[in-house]
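As structure tokens, the structure follows; a few thoughts come after it.
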2 protein chains.
Amino acid sequence: MVRYPDSLKVFVAIDCIIFGFDGKDLKLLLVKRKLEPESGNWSLMGGFLFPNEDLEEGASRILKDLTGLTNIYCEQLTVKGEKNRDPGSRTVSVVFFALIKIEESDQESVKNHNAFWIELDKRPSLIFDHNQMVLEAIDHLRYKAALHPIGFELLSETFTIPQLQKLYEAIYNVPIDRRNFSRKLLSTSLLIDTGMKNIHSTTKKATLYRLDKVRYNEKFHAFWNFMADAMK
Amino acid sequence: MVRYPDSLKVFVAIDCIIFGFDGKDLKLLLVKRKLEPESGNWSLMGGFLFPNEDLEEGASRILKDLTGLTNIYCEQLTVKGEKNRDPGSRTVSVVFFALIKIEESDQESVKNHNAFWIELDKRPSLIFDHNQMVLEAIDHLRYKAALHPIGFELLSETFTIPQLQKLYEAIYNVPIDRRNFSRKLLSTSLLIDTGMKNIHSTTKKATLYRLDKVRYNEKFHAFWNFMADAMK
DNA sequence: CCAAAAGTGTTGTGTATACACCCATGT
DNA sequence: ACATGGGTGTATACACAACACTTTTGG
């Protein structure tokens with residue numbers, strides 16, 4: 001077996017861009033670093049790839065460690081390998097894009113990592129090339145949510161159509177017609193009426209739906225048209 | 001500055017999935033390996049990331065080396081990091097997706113690398129996880145060509161609408177209505193009439209168009225609707 | 001009774017499809 | 001003249017956006 005020169009070897013890092021939605025604003029889960037390098041500065045949650053794990057396993061490990069959750073929507077977003085992106089040592093970073101249901105995450109665990117849910121529009125500047133990663137992630141969220149039903153990954157198990165609408169309005173920062181949005185969503189056959197109502201409302205109580213997971217999995221990769229015009 | 005343990009370091013490879021279109025069939029540019037490991041077997045064109053180059057530079061270098069071309073449509077497709085994907089040594093591979101105008105490539109250079117344009121449907125089994133990479137690339141081609149005007153990257157500078165149609169029929173393996181396809185493409189404002197005709201035709205000579213590159217660059221990331229229904 | 005939010009209905013406009021028909025070219 | 005392929009026209013169906021109206025709830 002041929003041996004390659006070890007001088008070609010580099011570190012492989014994993015960085016996670018973690019989105020959440022609190023019913024009003026889109027948020028990012030960011031870490032105020034306690035370790036060198038860049039101690040005290042803000043960054044994405046990350047770590048090095050371990051010798052005994054695949055890339056996706058590494059991302060799952062990091063996300064589980066931070067949030068306590070296992071079944072997180074998570075996909076590769078990009079790889080960053082610019083020569084001098086990490087001043088310490090040549091490091092290639094695999095960036096993952098994750099969507100979290102905030103209220104299901106372990107707030108204790110988040111606090112222990114010195115991590116905070118920060119409104120997207122109020123995020124601080126991040127270390128290295130993490131700012132650029134976040135910009136690409138926002139683009140990706142807008143892109144993907146227009147064509148595929150990923151919005152549900154940011155909501156609770158049960159949700160109302162007005163809640164879903166507020167989410168899309170936050171993602172695209174545009175007002176949406178309530179009536180057309182409702183009809184469009186109901187026509188997807190993705191929503192199952194739970195028979196319950198949102199008791200927290202002070203006016204007319206909205207119907208609580210849950211996702212039809214069978215149909216969701218079957219048709220996830222089809223092209224939907226949630227906000228396709230927002231990308232025009 | 002903190003030092004990380006060198007035991008975490010891995011090799012980073014670059015693999016390129018290179019599509020071409022000869023007017024009739026979609027093709028892949030594949031290499032019959034002359035070096036160990038896996039000498040004599042088929043693989044994607046690839047190499048290791050050099051210490052002095054960024055990822056995209058590495059991909060450009062490999063593509064230039066093989067085809068002689070510099071301005072190739074090329075984007076990151078995915079990263080493969082499965083623990084045992086390379087039996088030699090732990091290697092993370094960044095996979096690039098490239099679209100080539102076959103007739104503009106340097107056939108001598110291709111031949112010197114023992115590379116061959118092979119019809120997609122007749123491709124041999126490839127080494128390592130390269131088969132899986134190709135499957136994902138075909139999916140990506142179908143996905144992206146439905147929404148963005150990437151088909152032009154596979155055609156010559158000037159082309160006819162019937163040629164474009166044959167390309168889309170090859171990508172999606174479906175017949176397309178000539179008249180509706182023509183009107184749809186003309187309505188994009190992406191085509192500029194060159195005033196010339198395709199002299200190679202034995203019947204009525206089709207109009208030769210070229211791409212409006214200004215509009216192409218401006219609106220590339222908008223959502224088009226070339227074959228969106230093929231993904232439903 | 002009123003304000004605010006949820007839910008349903010209607011109508012016009014534009015886009016996509018399924019067709020029919022005409023034109024140009026070489027044999 | 002005729003077969004083959006290129007180019008244009010049109011009617012229909014369907015999806016979407018814009019708007020009006022009704023219902024529920026708490027105060």
- Under the ring-ring contact (aromatic ring centres under 6.0 Å, His included) criterion, do A:F226 and A:F181 qualify, and how do the steps go? CA-CA 8 Å; A:F226 296 110; A:F181 184 81; 8.2 Å; no
- With a 4.5 Å heavy-atom cut-off, do A:I17 and A:V95 have their side chains touching? yes
- Item | Pairwise side-chain contact, B:L120 with B:D25, heavy-atom cut-off 4.5 Å (strictly under) | no
For the side chain of [X], starting at C-beta, report the closest nucleotide among [options].
{"X": "B:N180", "options": "C:dT17, D:dG7, C:dT25", "value": "C:dT17"}
{"X": "B:R183", "options": "D:dC19, D:dT8, C:dA18", "value": "C:dA18"}
{"X": "A:T203", "options": "D:dC19, D:dC16, D:dT25", "value": "D:dT25"}
{"X": "A:R179", "options": "D:dA18, D:dG26, C:dG9", "value": "C:dG9"}

Please report the distance, rounded to the nearest Å, between [atom1] in [X] and [atom2] in [N].
{"X": "B:F226", "N": "C:dT15", "atom1": "CZ", "atom2": "P", "result": "15 Å"}
{"X": "B:M196", "N": "C:dA24", "atom1": "CE", "atom2": "P", "result": "20 Å"}
{"X": "A:L185", "N": "C:dG7", "atom1": "CG", "atom2": "P", "result": "12 Å"}
{"X": "A:L208", "N": "C:dA6", "atom1": "CG", "atom2": "C1'", "result": "13 Å"}
{"X": "B:D193", "N": "D:dG6", "atom1": "CG", "atom2": "P", "result": "16 Å"}
{"X": "B:F181", "N": "D:dG7", "atom1": "CZ", "atom2": "P", "result": "12 Å"}
{"X": "A:K232", "N": "D:dC16", "atom1": "NZ", "atom2": "C1'", "result": "12 Å"}
{"X": "A:K204", "N": "C:dA4", "atom1": "NZ", "atom2": "C1'", "result": "12 Å"}

- Message: Let's go through B:R179 and B:D177 carefully: what are the C-alpha distance in whole Å and the side-chain angles of both, what is the deciding distance for salt bridge (charged side-chain N to carboxylate O under 4.0 Å, His left out) to 0.1 Å, and is it a yes or a no?
- Response: CA-CA 6 Å; B:R179 301 153 288 190; B:D177 185 279; 3.0 Å; yes
- For the pair A:K80 and A:D129, evaluate salt bridge (charged side-chain N to carboxylate O under 4.0 Å, His left out) and give the outcome as yes or no after the intermediate values. CA-CA 8 Å; A:K80 292 291 175 184; A:D129 49 0; 5.9 Å; no
- Pick base, sugar-phosphate or nothing for B:S201, based on heavy-atom distances below 4.0 Å to the nucleic acid. nothing
- Task: Could you check which residues of residues 144-178 of chain A get a heavy atom under 4.0 Å from DNA chain C? Sort them by number, please.
- Result: A:P162, A:R178
- Comparing nearest nucleotides in DNA chain C, the 5'-proximal residue of the pair B:I199, B:D229 is B:D229
- Task: Assert yes or no for the condition that the ring centre distance of B:Y143 to A:H148 is strictly below 6.0 Å.
- Result: yes
OP1, OP2 of [N] versus side-chain N and O of [X]: anything below 4.0 Å?
{"X": "A:K205", "N": "D:dG26", "answer": "yes"}
{"X": "B:T207", "N": "D:dG7", "answer": "yes"}
{"X": "A:K197", "N": "D:dT24", "answer": "no"}
{"X": "A:N225", "N": "D:dA15", "answer": "no"}

- Mind telling me whether A:F97 and A:H140 have parallel, tilted or perpendicular rings, with 30° and 60° as the class edges? perpendicular
Contacts table for residues 151-159 of chain B: side-chain donor-acceptor under 3.5 angstrom, sequence neighbours left out:
| from | atom 1 | to | atom 2 | distance (Å) |
| --- | --- | --- | --- | --- |
| B:E153 | OE2 | B:Y216 | OH | 2.3 |
| B:S156 | OG | B:E103 | OE2 | 2.8 |
| B:E157 | OE1 | B:K213 | NZ | 3.2 |

